[in-house]
Structure formats: structure tokens, C-alpha cells
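First the proteins, then the strands, lettered A, B, ... as listed; each starts at 1. Worth knowing before you read on, the calculation uses all heavy atoms, side chains too, and leaves out hydrogens, waters and symmetry mates.
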Amino acid sequence: MPELPEVETIVRELRMKIIGEIFTEFIPIWSGSFVEDKKLTLNGRQIEEINRKGKYILFNLNKGYLITHLRMTGQLIVRDSVPDDKKHLRLIFTFKSGKYLLYYDLRKFGRIYHTIDSEKVLQNTGIDALSEDLDGMRFAELMKNKTTLIKPFLLNQKYIAGFGNIYIDESLFRAKIHPQTKVSELSPTMIKKLFSESRNVLLEAISRMGSTISDYKTTGGGFGTNQNFFRVYQRNGLPCLVCDTMIEKTFVGGRGTHYCPKCQKMNN
DNA sequence: CTAATCACCTGAAGGC
DNA sequence: TGCCTTCAGGTGATTA
């Protein structure tokens with residue numbers, strides 16, 4: 001479900017709602033969603049910080065971490081009570097204050113890890129796409145000696161973490177780069193353009209609370225609005241907003257890929 | 001090393 | 001109405 005902007009939106013809300021909360025009870029409705037460390041206890045632990053790396057959310061406890069990846073359909077919802085309708089509700093965390101953190105996940109792909117070793121969970125996660133340490137130079141550096149295509153490169157979280165299918169298509173469109181361009185064939189100018197446009201795409205999406213296609217919800221159960229501003233994603237068959245050419249859909253790296261055949265040529 | 005395919009799950013949508 | 005196929009904000013393992 002969520003890519004960086006959706007996860008960032010959730011993190012910002014969680015910080016306002018449950019920093020300082022103390023866990024009192026944990027009810028696994030579908031225990032497959034939870035990866036426990038039997039040496040750790042959750043009850044009595046307090047949430048000190050909530051951070052994000054790529055698409056992971058890290059709850060920094062006074063001992064250990066809860067780390068979650070929502071994959072396709074995971075949702076974190078904060079409520080004052082547990083609703084009667086428990087469809088797709090997988091985990092219930094109860095706080096001392098009486099609040100609840102509810103984990104929903106229709107497809108059961110997501111996980112919440114309870115661990116002391118956050119590095120182990122994040123070992124294949126590269127630099128965050130919005131990290132202050134990621135600039136145009138470093139972005140270009142990461143692309144050096146890569147033989148893959150630009151779309152699979154950006155999908156691979158071990159290089160840069162946070163991009164997913166939507167925002168890659170949108171970023172490549174704005175940078176006027178064909179999704180099947182080889183990374184090695186991108187000029188320094190195009191790489192610079194891709195870096196700055198991808199930041200714009202992510203920051204704009206965050207300002208709109210993310211994109212709700214089907215499952216993504218904010219922690220209060222609300223929706224994002226960025227889906228109303230897509231330029232290519234799911235706009236196949238519709239005219240390009242720049243040149244009126246029909247947006248096409250194909251498959252790159254096994255993922256549905258939307259692009260304008262006129263604006264995004266293989267050679268500039 | 002990359003690249004393709006499957007696996008993990010459930011449900012919505014479209015074709016017939 | 002119903003059955004069947006395909007596809008979906010992701011990623012990890014396996015196979016070629």
C-alpha cells in the first residue's frame with residue numbers, strides 16, 4: 001500500500017497521538033502479523049520516539065523497538081475503543097491511557113517486529129529518499145556502475161529507500177525519462193533533474209497526506225488526496241497533461257508502468 | 001551480477 | 001448471477 005509519503009503522513013500523526021504512551025496489553029488476532037522476540041516484554045514499555053526509514057516505521061521504546069512495514073494493505077489506526085467490526089483487524093495494542101493502536105491488513109503481507117536489534121530488520125534498506133544526507137551528488141554516486149534499468153533501480157530499496165510504483169512513474173514523467181532507460185545511459189543533467197523532480201513529487205504527496213488508491217488510510221481513518229494529482233499513474237488511455245499524447249501502460253521489472261511515449265523518449 | 005517467476009494473501013473488476 | 005482470470009502503494013526466495 002504505502003510508499004514514502006503515506007508512511008511519512010502516518011508517522012507524523014502517530015507522533016502527535018501516541019508519543020509517551022505505555023503498552024498494557026497486546027492481542028494478536030492473526031499472529032502472523034507479529035514477529036516477536038521472546039526475550040522482550042512489551043507491556044510497560046513506553047514509546048519515546050517514532051521515526052521512519054524508507055517505508056519502515058520505527059517505534060523507539062525505552063527498551064527495544066517496534067518496527068513495522070505495511071507492505072500493500074497494512075493500516076495503523078489510533079482509536080479510543082475497539083470497533084465491533086473486526087474485519088481485517090490483525091493486531092490490537094492497548095495503552096495505559098485507554099487508547100488503542102489497531103493494525104489492519106487485508107492481504108496479511110505486512111509485519112510488526114518487536115526487536116532489540118533495529119539494524120537487523122533494516123539491513124537491506126538504503127538511504128532514505130528524503131534524507132538530508134542524500135543530495136544530487138550522492139544520488140548520482142549510487143547510480144554508478146549499475147547495469148539495470150532506471151525503474152527497477154528505483155524500486156530496489158537497498159539503494160534508495162522509499163520510492164514505490166506510483167512515485168517512480170510520476171518522478172520519471174516529470175524528469176522526462178523513459179522507465180526502460182538504462183541507468184548507465186542517464187546523463188548527469190538527467191540524473192540531477194530526476195533527483196530534484198523526485199523530491200518535488202514526494203514532498204507534494206506528503207503535503208496532500210499521501211495517495212489513497214484503495215486501502216491506504218491515515219491514522220484517524222482518513223484519506224490522502226494526492227491521487228487526484230497523478231500525471232501518469234493509472235492515467236493510461238488518457239491524454240498527457242503536457243502534450244495530449246495518450247498515456248501508455250506497459251510492464252517494467254514486473255510492475256505496471258505508466259508513461260507518456262512522447263514526453264519520455266529513450267534518448268532525452 | 002541481473003532478470004524473471006513465484007510466493008505470500010484477499011478482494012475488486014472485467015470478460016464471458 | 002456466477003465462474004474464471006487478472007491485477008493491486010511490496011519484497012524476499014528461488015531459479016535461470
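The P atoms of C:dT6 and B:dT5 are separated by 14 Å, rounded to the nearest whole Å. Only the P atoms considered, C:dC4 is 22 Å distant from B:dC9, to the nearest whole Å. Comparing the P positions of C:dT1 and B:dT10 gives a spacing of 25 Å, expressed to the nearest Å.
Among the protein residues, A:Ser211 comes within range of the nucleic acid bases, having at least one heavy atom under 4.0 Å from a base atom. Using a 4.0 Å heavy-atom distance criterion, A:Tyr167 is classed as making no nucleic acid contact. Counting any heavy atom pair closer than 4.0 Å across all strands shown, A:Lys146 reaches no nucleic acid atom.
Rounded to an integer number of Å, the gap from CZ of A:Phe251 to C1' of B:dA3 is 16 Å. When rounded to the nearest whole Å, the span between CG of A:Leu4 and P of C:dG10 equals 12 Å. One interatomic measurement links the two molecules: CG of A:Asp105 to P of C:dA8, which rounds to 18 Å at whole-angstrom precision. Atoms CZ (A:Phe153) and P (B:dA3) sit 13 Å apart, rounded to a whole Å. As a whole-Å value, the separation of A:Ile29 CD1 from B:dC9 P is 18 Å. Atom-to-atom, CG of A:Asp215 to P of C:dA8 comes out at 14 Å; the value is rounded to the nearest Å. Counting to the nearest Å, the P atom of C:dT6 and the NZ atom of A:Lys249 are 13 Å from each other. Between the P atom of C:dG10 and the NZ atom of A:Lys158 lies a distance of 18 Å, rounded to the nearest Å.
Applying the side-chain contact (heavy atoms from CB on, under 4.5 Å) rule to A:Glu141 yields the partners A:Lys144; only residues at least two apart in sequence or on another chain are considered. For A:Ser211, the side chain to side chain donor-acceptor pair (under 3.5 Å) partners two or more places apart in sequence, or in a different chain, are A:Tyr167, A:Asn226. Residues passing the ring pair (Phe, Tyr, Trp, His ring centres under 6.0 Å) test with A:Phe230 are A:Tyr233, sequence neighbours excluded.
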Under 3.5 Å between N/O atoms: give me all the protein pairs with nucleotides 10-12 of chain B, atom names plus distance.
unit_1 : atom_1 : unit_2   : atom_2 : d
B:dT10 : OP1    : A:Lys108 : NZ     : 3.1
B:dG11 : OP1    : A:His88  : NE2    : 3.0

*What dot-bracket string describes DNA chain B from 5' to 3', counting Watson-Crick and G-U wobble pairs whose defining distances are under 3.5 Å, with [ ] for crossing pairs and | for pairs to another strand?*
.|||||||.|||||||

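No aromatic stack links A:Phe109 and the base of B:dC9, using centre distance under 5.5 Å and interplanar angle under 30°.
Using cut-offs of 30° and 60° for the angle between ring planes, the A:Phe26 and A:Phe34 rings count as tilted.
In this structure, A:Leu194 is a member of the same hydrophobic cluster as A:Leu134, with clusters built from ILVMFWY side-chain heavy atoms closer than 4.5 Å.
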With a 3.5 Å cut-off and sequence neighbours excluded, list the donor-acceptor pairs that the side chains of residues 149-156 of chain A form with protein atoms.
unit_1   : atom_1 : unit_2   : atom_2 : d
A:Lys151 : NZ     : A:Asn165 : OD1    : 2.5
A:Lys151 : NZ     : A:Asp169 : OD1    : 2.7
A:Lys151 : NZ     : A:Gly256 : O      : 3.3
A:Lys151 : NZ     : A:Thr257 : OG1    : 3.0
A:Asn156 : OD1    : A:Lys158 : N      : 3.0

Enumerate, atom names and distances included, each donor-acceptor pair closer than 3.5 Å involving a side-chain atom of residues 114-127 of chain A, sequence neighbours excluded.
unit_1   : atom_1 : unit_2   : atom_2 : d
A:Thr115 : OG1    : A:Asp117 : N      : 2.9
A:Asp117 : OD1    : A:Glu119 : N      : 3.4
A:Asp117 : OD1    : A:Lys120 : N      : 3.3

Please output the side-chain donor-acceptor pairs of residues 241-253 of chain A that fall under 3.5 Å, not counting sequence neighbours, one pair per line with the distance.
unit_1   : atom_1 : unit_2   : atom_2 : d
A:Glu248 : OE1    : A:Tyr259 : OH     : 3.2

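Residue pairs meeting the side chain to side chain donor-acceptor pair (under 3.5 Å) criterion with at least one partner in residues 95-106 of chain A, sequence neighbours excluded, are A:Glu21-A:Ser97, A:Thr73-A:Asp105, A:Tyr103-A:Asp105. Annotation: side chain to side chain donor-acceptor pair (under 3.5 Å) contacts involving residues 42-60 of chain A, sequence neighbours excluded, comprise A:Glu8-A:Arg52, A:Glu49-A:Asn51, A:Arg52-A:Asp128. Residue pairs that meet the salt bridge (charged side-chain N to carboxylate O under 4.0 Å, His left out) test with at least one member in residues 187-202 of chain A, sequence neighbours left out, are A:Lys193-A:Glu197.
Checking the phosphate oxygens (OP1, OP2) of B:dA3, a side-chain nitrogen or oxygen of A:Thr148 falls inside 4.0 Å. A close approach under 4.0 Å does not occur between any side-chain nitrogen or oxygen of A:Lys182 and OP1 or OP2 of B:dA3.
For the residue pair A:Ser184 / A:Lys146, no side-chain donor-acceptor distance below 3.5 Å is found, with atom types taken as modelled.
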*What does nucleotides 11-16 of chain C look like as a protein-contact string, B for base, S for sugar-phosphate only, - for none, at under 4.0 angstrom between heavy atoms?*
BS----

